Amino acid sequence: MSIKQKIQELVTRMARLHAGGGEKAVEKQVASGKLTARDRIRTLLDPESFHEYDLFVEHKSRDFGMAGKELPGDGVITGTGTISGFPVCVYAQDFTVAGGSLGLAHARKITKIMDHALKLGVPLIGINDSGGARIQEGVNSLAGYGEIFYRNTLASGVIPQISVILGPCAGGAVYSPALTDFVFVVDQISKMFITGPEVIRTVLGEEISMEELGGARVQAEISGNAHFFAENETQCFEHIKRLIAFIPWNNRKQADAFPPKPPRPDRPVEGIVPPSAHEPFDVRDVIRAVCDDSDFFEVQEHWAANIVVGFARLKGRSVGVVGNQPQVLAGVLDVDAADKAARFIRFCDAFNIPLVTLVDLPGYLPGVDQEHAGVIRHGAKILYAYSEATVPKITVILRKAYGGGYIAMCSRHLGADFVFAWPSAEIAVMGPEGAANIIFRREIAAAADPESMRREKVREYQAKFANPYIAAAEGHVDAVIQPAETREYLIHAIEVSQHKDEVRPRRKHGVPPF
Ligand code: HXC
């Protein structure tokens, strides 16, 4: 064979493999509103940047009619590429080939690209669209999953790991995404569950659709398994590109700095927070009023909305922002909010992203439901995450900071480097109403007009404690600042903390309350 013929043979072989499961299967995939695995990679990565490996890998299974069965790429495409010039390792399961099911060869391709990502120190993006463990391969498929989970865990905190759910992700397969840092879902396309509708029907006698059980909205709004929800695949890929720009390649690097931009002038920070501690506001307005270009990229927007977490930039540098959301449940901390914030804080800490915390909350949510749901151990996660974090930690107390909420929201006592308070800050053990009712109970009861005595005592307590100056007098607050000075104070604090180096006691690892 001449070289020309050999090249022609390569081209023919590759074309056959690139066709995946064939025309019919591809038609079915497209008709169900999904892109093919190859188109997904093409849409996500920079043009012409994808380099594929292991296209010629074949399965070796023989049982249940598998002998000699051609499964192009064994149902998964793996390789490297760039996103806005930023290198990534990527795999995409191809549902047109045996339903994207995971056999041994398929799993080995994934674990090989995971090993690459870890060695090269670049993010890993996994696109999941699969019927789960390849039934014909039995325990070998289970072994494959186990080896993926093991690597997800080893890579945790070393390289960013992103999971994109673009089809079914069923059974134990869900646990790779659950071990990664960010899970992206798409309306009507993503389906994640441990046991499917058929098992539920058989075991529990209940009817439920896949969508109701574990569709994209369920994962983004109810379970909290997903971090980003998109209307369609193209929007999902845009979200991934945005995320990648905020985070570093790996835990030894800083996120890329961008040209600084001031916040948009239509968003002045003064006047956002109402003077009455009972009136709500949107903490995202404060974030947008102080960050570059008023550009805030929210994580888990639709779940545990009483706390807001996400990425922004200050003078071009990425920061992770955590803020109580007074317009949802008055911004209280509850089981889910603590869980959401703790995980985000740990991601930022692992990847050298400074933390900015904005405080306005009445405390932890009281009630039997929360106590029985474990608000003690879940609530402890946020204390642990803030205390453990060694990245620069800057806190701004906007208004209420009562009781356990004051401590939990990155107070000085949990190691905040800088704590600033607005003049509207109220830092106390509890709100004035509750406090006055307890400590002046006798005076109120004995008064000729108990209600006016109660109001007087509330005012007395408010005047004495509902301000930032007692905490500032103790040095728990470093500076009382005007709202308009917030951006400048934050930028300065981040600049002077650039070389922060905090040494912790030697240990194998901590034992966080999860
Ligand atoms: C082998 C599979 C497969 C699997 C799908 N296929 N899932 N082959 N092993 N797990 C094949 C189908 O036989 C079919 O092949 C092709 O993929 C497309 O599947 P369809 O059923 O035609 O597609 P659709 O109607 O869209 O339904 C998709 C589906 C369904 C809902 C995912 O295929 C399904 O329920 N699959 C089984 C899901 C499952 O129970 N997986 C095991 C979970 S246990 P042909 O040749 O007909 O085109 C598990 C344990 C992991 O994953 C534990 C890890 C710790």
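For ligands, and for the atoms within them, numbers begin at 1 and follow the listed sequence. Values in this document were obtained by computation on a predicted structure and should not be read as measured data.
- A cation-pi arrangement is present between K34 and F95, with the terminal nitrogen or guanidinium carbon under 6.0 Å from the aromatic centre and inside a 45° cone about the axis.
- Not one N or O on the side chain of R317 forms a donor-acceptor pair closer than 3.5 Å with the backbone of Q254.
- Contacts of L142 with ligand 1, taken as heavy-atom pairs under 4.0 Å, involve the side chain alone.
- A salt bridge links R40 with D129: at least one charged nitrogen is closer than 4.0 Å to a carboxylate oxygen.
- Between the side chains of Y91 and H106, no donor-acceptor pair is found at a separation under 3.5 Å.
- Looking only at protein heavy atoms, the nearest one to atom 22 (O) of ligand 1 is K28 NZ, 3.2 Å.
- In terms of protein heavy-atom proximity, atom 39 (C) of ligand 1 is nearest to G131 O, 3.3 Å.
- Looking at Q136 against ligand 1, only its side chain comes within 4.0 Å, counting heavy atoms.
- Residue-level proximity to ligand 1 for A170 is carried by the backbone, the only part with a heavy atom below 4.0 angstrom.
- Contacts between Y175 and ligand 1 below 4.0 angstrom, taking non-hydrogen atoms only, are absent altogether.
- Note: no N/O pair closer than 3.5 Å links A173 and ligand 1 by distance alone.
- Using a cutoff of 4.0 Å between basic side-chain nitrogens and carboxylate oxygens, D349 and R346 are not scored as salt-bridged.
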